[in-house]
2 protein chains.
Amino acid sequence: MSNDPPGFELPLRLFLGFRTLIDALHAELARQGHPDMRPMHGFVMQAVGVDGTTAVELGRTLGVSKQAAGKTIETLERLGYVERARDPRDTRRKIVRLTPHGLDALARSARIFDELRAGWAATLGEERLRALEADLRLVTPHEVFRLDVPGWFG
Amino acid sequence: MSNDPPGFELPLRLFLGFRTLIDALHAELARQGHPDMRPMHGFVMQAVGVDGTTAVELGRTLGVSKQAAGKTIETLERLGYVERARDPRDTRRKIVRLTPHGLDALARSARIFDELRAGWAATLGEERLRALEADLRLVTPHEVFRLDVPGWFG
DNA sequence: ACACGATAGACAACCTGGTTCACCATTTAG
DNA sequence: CTAAATGGTGAACCAGGTTGTCTATCGTGT
């Protein structure tokens, strides 16, 4: 159809939607005691998970080299979001775990995301928002994780 | 509602949708003679536009410093997508213009985006896709451009 | 007419987050 | 028990971002 919207608007709107939510999240996180958290940190901490992980494992999960994962862990450690301890069963390994501060950030993020979703629901209506989510599920990979976000751009 | 989807799925799906489209675009672009083009380049070339621009102007458009814009221009120049020439009316200025290769990339991108949108329309139906686009317009900033994508992550 | 402020571009130093290559320490398998 | 595989680290490099400084040119006000 010649009166279809141009194809380039779709990715732009998707990105703007994503960015809008993430920016709002981090504005609110900053207000709630996490001013240093960058967008990437949330993804990484989510990948670290409550059970902890290692640099090699994290690299695999995020789709980056173990060295890159190590650097990011260092940054997060310096900011107090994660801590490292040697694995007693395998002294080569260093287990990365979320600190209470990191767990707090994750819990607050979840709450804020719910609130932001509620805001969209207020604008669009719960039905249309559900339809939007359902449609997106149809056109995106099923597994939500293994989104190698870091360094994907550029 | 306690049975609402968790709020974190929304940004994830938006990002995955964006990423899916952009990855498909660049896979196809690579097949069509533009293997070196990175996701960022498309945004920058779009900002350069058919009329050309300058480093300072480009920096303002993209929301980055003029030096950063200058570096990106250098990269694009090295790849043959843009060329620079002094402005005869103001010899301080250097006009950045798309080369035929750059214009080709932009034209192909537009066509591929249309095809990708058609693919989504085939999955969702044109009506639901239009509704999705309309909904996204309601919850994102009106002006599509001035999305300072570069370096926003991290 | 000209001096001075504003502007365009370039260069340098630095930061972050990615890469590869190389290496050491430890664990595991043959 | 040696050899391969694995986890972590360090170095050198790249892309792209930042700020600060500098030069050349333009434009304006006296």
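Every chain is numbered from 1, with letters handed out A, B, ... down the list of sequences.
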Roughly, in whole Å, what's the span from CD in B:Glu74 to P in C:dA12?
12 Å
Among residues two or more places apart or on two chains, list those pairs meeting ring-ring contact (aromatic ring centres under 6.0 Å, His included) that have a residue in residues 73-105 of chain A.
A:His34-A:Tyr81, A:His34-A:His101, A:Tyr81-A:His101
Charged N to carboxylate O below 4.0 Å: is that the case for B:Glu57 and B:Arg93?
yes
Between D:dT6 (C1') and A:Arg86 (CZ): distance, integer Å
13 Å
Send over the distance from A:Met40 CE to C:dG18 C1', rounded to a whole Å.
10 Å
If you take atom types as modelled and just measure distance, does the side chain of A:Lys94 reach the base of D:dG8 with a donor-acceptor pair under 3.5 Å?
no
Should A:Arg130 and B:Asp4 count as an ion pair when the cut-off is N to O under 4.0 Å?
yes
Ring-ring centroid check B:Phe18 A:Phe15, cutoff 6.0 Å
yes
For C:dT16, take OP1 and OP2 only and decide whether either is under 4.0 Å from a side-chain N or O of A:Thr75.
no
Rounded to whole angstroms, how far apart are NZ on B:Lys71 and P on C:dG9?
16 Å
Distance-only donor-acceptor test (3.5 Å): side chain A:Gln67, base D:dG8:
no
Whether B:Glu74 and B:Arg78 form a salt bridge (side-chain N of Lys/Arg under 4.0 Å from carboxylate O of Asp/Glu) is what I want to check.
no
Give a yes or no on whether a salt bridge exists between A:Glu28 and A:Arg108, defined as a side-chain N under 4.0 angstrom from a carboxylate O.
no
Would you kindly give the CG-to-C1' distance between B:Leu62 and D:dG16, to the nearest whole Å?
12 Å
NA contact type, A:Ala68, heavy-atom cut-off 4.0 Å: base, sugar-phosphate, or nothing?
base
Pick the nucleotide of DNA chain C nearest each of A:Lys66 and B:Arg93; which residue has the one closer to the 5' end?
B:Arg93
Summarise how protein sits on nucleotides 24-30 of chain C as a single string, 5' to 3': B when a protein heavy atom is under 4.0 Å from the base, S for sugar-phosphate-only contact, - for no contact.
-BBS---
Quick one: is A:Ser65 getting a side-chain N or O under 4.0 Å of the C:dT20 phosphate, OP1 or OP2?
no
Hey, is A:Lys94 close enough to A:Glu83 for a salt bridge, meaning N to O under 4.0 Å?
no
Between P on C:dG9 and CD1 on B:Ile73, what's the gap in Å once rounded to a whole number?
8 Å
Under 4.0 angstrom between A:Arg84 side-chain N/O and D:dG7 OP1 or OP2:
no
Here the distance between atom P of D:dA15 and atom CD of B:Glu77, to the nearest Å, is 15 Å
Presence of B:Thr72 side-chain N/O under 4.0 Å of D:dG16 phosphate oxygens OP1/OP2:
no
Whole Å only: how far is the CZ atom of B:Phe43 from the P atom of D:dA15?
21 Å
